[in-house]
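A quick note: this is a predicted structure, and the numbers were derived from the prediction, not measured. In what follows, chains are A, B, ... by sequence order, proteins preceding strands, each numbered from 1.
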Protein chains: 2
Amino acid sequence: MATVGIKDIATLAKVSPATVSRVLSSPELVSKKTLNKVKKIIDEMGYRPNRIGASLRTRKSGNIVAIIPDITNPVNAGIIRAIEQGAQSAGYSILLGDTQGLVERERHYADLVTSGQADGVLLFCSRMPFRIDPTLPLSGQIPPMVNANENMGNDEIVQVAVDNVAAAKAAVDYLVAQGHKRIAAITGPDDIPSSNERLQGYFAALEEAGLVLDPDLQIAGTYTVDSGVNCAEKLLLLRKRPTAIFCFNDEMAIGVMKLLKKQGFLIPEDVSVMGFDDIHYAEYVTPALSTVHQPLKEIGTACINLLLEQLRGNHVPPGRQFLPFELKLRASTGPAPHF
Amino acid sequence: MATVGIKDIATLAKVSPATVSRVLSSPELVSKKTLNKVKKIIDEMGYRPNRIGASLRTRKSGNIVAIIPDITNPVNAGIIRAIEQGAQSAGYSILLGDTQGLVERERHYADLVTSGQADGVLLFCSRMPFRIDPTLPLSGQIPPMVNANENMGNDEIVQVAVDNVAAAKAAVDYLVAQGHKRIAAITGPDDIPSSNERLQGYFAALEEAGLVLDPDLQIAGTYTVDSGVNCAEKLLLLRKRPTAIFCFNDEMAIGVMKLLKKQGFLIPEDVSVMGFDDIHYAEYVTPALSTVHQPLKEIGTACINLLLEQLRGNHVPPGRQFLPFELKLRASTGPAPHF
DNA sequence: TTGTAAGCGTTATCAC
DNA sequence: GTGATAACGCTTACAA
């Protein structure tokens with residue numbers, strides 16, 4: 001691997017390094033003749049340009065860092081897959097920053113931009129990983145950045161997601177239309193904005209339906225199957241049980257169904273269960289889970305496109321961009337039981 | 001973001017750039033006094049070293065590229081998560097190369113090493129992404145590299161995985177012990193070495209049990225739920241149906257169960273279903289899926305450690321390294337039906 | 001259309 | 001312990 005550089009090619013092709021560089025980066029500036037000559041040598045020598053050298057000079061790394069709480073989460077994985085695809089087509093590579101939800105790791109990965117290793121950020125969480133002076137305008141303080149699937153509570157940031165309020169409302173509207181009057185909500189952790197948005201949608205639907213809002217029917221989970229089990233236990237212990245349970249993600253819905261079945265409840269005859277996300281397996285649990293579908297691929301594509309636009313130096317209007325959700329009605333929801 | 005560099009710090013601290021560099025990289029070489037002085041200025045100025053400049057000089061990017069057919073696959077996601085963790089602790093970042101199984105994308109990501117953007121490779125597929133001269137020894141032709149969870153058919157490469165032959169044999173041994181005599185196998189695509197290894201294990205178990213090997217009972221799937229459905233259809237159409245179906249991954253097992261239930265078969269009373277992988281949801285399908293557990297975290301950790309060892313310049317004995325699998329017996333397998 | 005030469009921000013090698 | 005200086009491999013004014 002005796003490294004062959006641009007100078008070696010230049011020497012062999014009897015041109016200047018600048019010309020070789022042009023052959024690589026802007027071939028239209030080079031005459032056909034020298035172009036071919038140089039290309040031939042490049043091939044013969046198996047020369048591969050060193051991107052680090054170029055990066056140092058151009059001050060562009062060609063990398064985008066994705067800051068993700070958990071790559072194992074199928075929602076994130078689905079989005080990142082589309083992102084990677086779009087990035088690669090545009091000549092960018094994705095740096096994977098799985099943070100396990102830790103602030104320090106979010107910061108660490110944000111620092112990759114500061115240290116020149118990444119040109120832009122895709123943020124899958126709601127916390128701002130950069131130190132910001134709140135008295136100054138945000139633009140100029142942060143690099144090209146797009147938030148994926150969360151709400152940062154700041155409309156100066158470009159954000160792509162599903163309209164969680166509307167989506168949750170649609171889910172609950174459906175349960176209401178099925179005659180349910182006691183509809184429980186198992187939310188996510190209360191510091192997660194998207195979970196709070198879903199809660200708002202839940203409230204809105206209940207209010208519109210003129211249903212009383214029973215605080216006992218609102219429980220915070222942690223987005224895991226186990227927490228679904230635990231929350232369902234609390235719900236079933238109530239004197240007045242819910243006839244429908246709306247879970248803010250599919251994992252918890254799966255946990256809820258697990259407990260329900262274990263306790264001999266019929267789904268949906270006794271209790272309807274609604275999820276959120278439409279992960280791959282929602283379709284294959286028994287009964288098949290009704291849920292809110294999030295268009296992961298489209299979210300990912302929109303994110304990377306908006307980021308690439310910024311990286312090209314073009315202005316992207318900040319604020320939230322909503323992609324359409326879809327209510328997937330399967331077998332876990334049905335009419336409210338009669339008493 | 002008026003970029004402040006090492007020289008600025010040097011000037012302000014009235015030392016040489018070299019000293020500032022030492023403060024950052026080898027503080028033990030600097031006197032306490034200057035160390036503090038320089039650190040203070042660095043803090044005050046919010047100076048962040050530019051890694052690209054350093055990379056150019058040291059010829060180390062600090063990146064590792066993970067070449068993965070599909071990040072959406074929970075097995076890969078689980079492994080990569082542990083890898084990312086280990087890499088980050090060692091100061092490395094992971095470049096995500098989702099290839100969608102395409103050779104050209106595998107090559108593309110391998111090229112990141114050639115172009116200096118990555119120092120090592122974590123390979124999740126069985127194809128060698130580097131051009132190799134087969135007449136020469138492999139070492140020297142490839143960068144630090146570890147294969148995760150596949151078999152490259154080349155013992156000169158460091159590879160970490162579960163012993164697929166033994167694992168599949170254990171799974172089938174169990175079915176045999178349960179009295180099954182007609183055990184079907186739904187394999188993966190036949191160009192995937194790990195699938196072929198599982199097939200070997202299947203053969204070995206049948207042979208050891210003195211069972212006839214019926215070619216009708218061996219079908220190649222594509223590792224998707226749908227392909228599980230299709231393969232199960234073929235199996236159920238046979239005049240002599242299997243009483244147990246061993247699927248080479250959980251997704252297909254889920255598909256098989258879906259069809260079985262749709263057709264009114266009882267699992268495991270009529271047909272036992274065994275999966276492979278033990279993905280998160282295997283536990284939550286109905287009936288809970290018996291399967292072979294792969295220790296994803298351990299695989300990931302072993303991979304990154306072996307790679308880091310190579311990146312440190314230490315020799316790592318090539319060849320395959322097996323991590324222990326575990327047979328998870330849940331509700332989808334049981335005794336063979338009596339006739 | 002091509003060449004010259006000055007960097008990009010760091011670290012390594014010498015001296016001192 | 002510290003400083004001067006020359007790289008690392010490339011791009012890009014500017015000049016020719």
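Nearer the 5' end of DNA chain D, as judged by each residue's closest nucleotide, is the contact made by B/Glu28, out of B/Leu56 and B/Glu28.
A donor-acceptor pair is defined here as one N or O able to donate and one able to accept, closer than 3.5 Å; no such pair exists between the side chain of A/Asn63 and the backbone of A/Leu95. Checking side-chain atoms of B/Asn50 against main-chain N and O of B/Gly53 turns up a donor-acceptor pair under 3.5 Å. For the pair A/Gln159 (side chain) and A/Asn154 (backbone), a donor-acceptor distance under 3.5 Å is present.
Dashed line: the shortest gap from a side-chain N or O of A/Ser31 to OP1 or OP2 of C/dT2 is under 4.0 Å. In terms of phosphate contacts, B/Thr19 brings no side-chain nitrogen or oxygen within less than 4.0 Å of OP1 or OP2 of D/dT2.
Between the side chains of A/Gln117 and A/Ser115, a donor-acceptor pair is found at a separation under 3.5 Å.
Legend: residues meeting salt bridge (Lys or Arg N to Asp or Glu O under 4.0 Å) with B/Glu44, ordered by chain and number and at least two apart, are B/Lys40. Under the rule for a side-chain hydrogen bond (donor to acceptor under 3.5 Å, both in side chains), the partners of B/Ser61 that lie at least two apart in sequence or sit in another chain are B/Asp119.
In this entry the distance linking NZ of B/Lys37 with C1' of D/dG3 reads 13 Å, nearest Å.
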For every nucleotide of nucleotides 10-16 of chain C, 5' to 3': is a protein heavy atom under 4.0 Å from its base (B), only from its sugar-phosphate (S), or from neither (-)?
BBB----
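As judged by a 4.0 angstrom heavy-atom cut-off over every strand, B/Thr34 is placed among residues touching the sugar-phosphate backbone only.
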